[in-house]
Amino acid sequence: MRLNIGVIKGDGIGPEIVTEAMKVLDKVGEVFGHECCYTQLLMGGASIDVNGVPLTDETIELAKGSDAVLMGSIGGDAKTSPWYQLEPSKRPEAGLLKIRKELNLFANLRPAVLYDDLKEACPLKAEIAAKGFDMMIMRELTGGLYFGQRKTVEVDGVMTAYDELTYNENEIRRIAKRGFDIAMKRRKKVTSVDKANVLDSSRLWRKVVEEVAADYPDVTLENMLVDNCAMQLVKDPSQFDVILTENMFGDILSDEASMVTGSIGMLASASLNETKFGLYEPSGGSAPDIAGKGIANPIATILSAAMMLRFSFDLDKEADAIEAAVSKVLKDGFRTIDIMSEGNTQIGTCEMGDKICSYISI
Ligand code: IPM
Ligand code: MG
């Protein structure tokens with residue numbers, strides 16, 4: 001099979017981690033008989049440097065013309081990078097939000113799994129980590145606070161900022177359906193997270209999710225307030241199967257979930273629309289402080305490439321092979337610095353990619 005993949009290496013550690021994911025994809029191609037054809041696309045700071053804007057129409061068209069897009073990370077150090085002298089709509093992050101919207105990538109899937117071999121890297125108490133966890137965070141990605149009107153104006157001589165939070169029932173229904181569909185393939189439990197004790201948008205969220213739940217009698221639905229969810233994630237993460245939530249809550253909770261897996265460098269993500277197309281990126285940021293040092297963990301990006309094979313290309317065996325190779329590398333004690341613990345072998349970004357490649361087999 002020929003895989004037409006758009007590649008956004010991006011900023012910070014992006015180029016390093018994407019290079020490793022491409023290496024693994026090429027190895028999978030070699031072993032399973034596929035050809036990966038890459039189109040390099042500019043976005044974020046890298047695009048500002050060349051084009052003056054974080055995302056051009058050309059990049060959007062090229063992305064749309066690909067079967068899937070693999071992305072690293074975008075953004076820089078807000079204190080030192082000249083990108084942050086620009087107005088907010090021209091900064092690197094604006095490119096990411098725009099591509100999500102333009103490609104209608106409303107469903108963001110972030111799986112947080114505690115690998116048996118990474119239990120020592122988990123910051124939770126040993127008795128909590130011992131129970132393990134395997135959850136899928138389903139984050140709504142094209143609505144809510146991220147895409148509302150915003151402005152900063154002076155009201156009666158006082159600087160005042162507005163960010164509008166809107167959800168309509170259709171936006172809620174389509175992500176809820178996705179969440180329940182995914183739960184049907186997992187342990188059949190959905191925890192819908194909202195702030196229905198305060199927000200109207202959350203009250204509508206809860207109502208629509210309950211309506212959708214009626215079509216999935218085999219799935220257990222639980223509603224949870226977001227503050228309680230933040231607490232439960234560290235108290236007993238094993239209780240979660242699918243966490244279904246709106247854009248902002250999903251952003252925050254997915255970082256929290258990633259940390260209990262040991263490191264944000266382990267958390268993959270897929271952003272999907274109604275078609276087979278998806279944008280695949282690690283959930284972590286561009287980590288400018290460690291960029292270029294060859295120490296970043298490429299596993300989240302490599303696991304994002306596995307999600308790409310599974311969701312956009314229906315290549316389940318190939319995706320399994322990547323996931324198995326990652327598990328084996330961890331089992332054999334190879335660790336990047338972020339997940340390093342005593343008795344294991346510390347390796348860099350490139351060696352981690354090489355190790356995973358060497359474990360890819362049919
Ligand atoms: C993420 C990131 C982005 C977000 C930023 C970079 C705009 O934190 O993908 O979680 O908030 O969605
Ligand atoms: Mg985030």
Side-chain angles (χ1 to χ4, degrees), residues 8-15 17-18 21 42-48 53-55 63 69-79 81 83-84 86-112 135-148 150 163 165 167 171 175 193 226 229-230 233 243-261 263-273 278-289 291 296-297 300-301 303-304 307-308 338:
I8 301 171
K9 288 191 170 176
D11 311 319
I13 58 171
I17 55 184
V18 170
L42 284 180
M43 200 174 89
S47 172
I48 296 175
V53 289
L55 180 67
V69 172
L70 178 68
M71 197 190 116
S73 51
I74 52 101
D77 183 336
K79 282 208 193 89
S81 163
W83 302 327
Y84 295 90
L86 300 167
E87 62 170 275
S89 67
K90 301 240 167 66
R91 292 179 193 165
E93 288 75 6
L96 179 58
L97 299 191
K98 187 167 176 201
I99 203 169
R100 287 174 177 169
K101 196 69 170 179
E102 290 280 340
L103 302 177
N104 196 25
L105 304 171
F106 66 89
N108 182 222
L109 280 63
R110 297 187 165 180
M135 71 186 92
M136 178 67 86
I137 299 184
M138 296 277 312
R139 166 186 177 195
E140 199 291 327
L141 203 59
T142 52
L145 269 176
Y146 276 64
F147 293 96
R150 61 182 104 258
D163 291 286
L165 166 51
Y167 267 108
E171 291 171 310
I175 184 76
V193 175
V226 62
C229 183
L233 274 170
I243 291 183
L244 173 65
T245 193
E246 63 94 62
N247 204 345
M248 181 74 157
F249 297 158
D251 178 45
I252 298 167
L253 294 175
S254 60
D255 266 29
E256 187 187 355
S258 75
M259 205 54 231
V260 296
T261 68
S263 164
I264 196 157
M266 297 298 298
L267 204 75
S269 110
S271 304
L272 309 173
N273 58 23
L279 180 124
Y280 300 85
E281 51 167 322
S283 299
S286 59
D289 51 325
N297 185 348
T301 319
L303 291 173
S304 300
M307 290 183 91
M308 177 177 82
D338 53 315

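Just so it is clear, the values below take in all heavy atoms, side chains as well, and ignore hydrogens, waters and symmetry mates. Both counts, for ligands and for their atoms, begin at 1 and track the order of listing. All values reported here derive from a predicted model rather than from experimental measurement.
- With a 4.5 Å cut-off on side-chain heavy atoms, K90 and I48 do not count as touching.
- Checked by atom type, the side-chain pair E246/Y146 shows no donor-acceptor distance below 3.5 Å.
- Within the model, atoms CG of D338 and OG of S263 stand 3.5 Å from one another, a figure rounded to the nearest 0.5 Å.
- Rounding to the nearest 0.5 Å gives a distance of 7.5 Å between CD1 of I8 and CG of L55.
- At under 3.5 Å, not a single nitrogen or oxygen of E281, backbone or side chain, sits near a nitrogen or oxygen of ligand 1.
- No side-chain heavy atom of S304 sits under 4.5 Å from any side-chain heavy atom of E281.
- Within the 4.0 Å heavy-atom shell around ligand 1 one finds R110.
- Within the protein, the N, O or S atoms sitting under 2.8 Å from the Mg ion (ligand 2) are D251 OD1.
- In terms of modelled atom types and a separation under 3.5 Å, the side chain of R139 and the main chain of S271 share no donor-acceptor contact.
- At a 4.0 Å cut-off, at least one heavy atom of R139 sits close enough to ligand 1 to count as contact.
- For a threshold of 3.5 Å applied to N or O pairs, the pair formed by D251 and ligand 1 contains at least one separation below that value.
- From the protein, the heavy atom lying nearest to atom 7 (C) of ligand 1 is E93 CG, 3.8 Å.
- Looking only at side-chain heavy atoms (C-beta outward), P54 and I74 stay at 4.5 Å or farther from each other.
- What sits closest to atom 4 (C) of ligand 1 on the protein, heavy atoms only, is Y146 OH, 3.5 Å.
- Side-chain contact between L233 and I243 is present, with at least one heavy-atom pair separated by less than 4.5 Å.
- Checking side-chain atoms of D11 against main-chain N and O of G45 turns up a donor-acceptor pair under 3.5 Å.
- The distance from ligand 1 to the heavy atoms of R100 drops below 4.0 Å at these ligand atoms: 1 (C), 4 (C), 9 (O), 12 (O).
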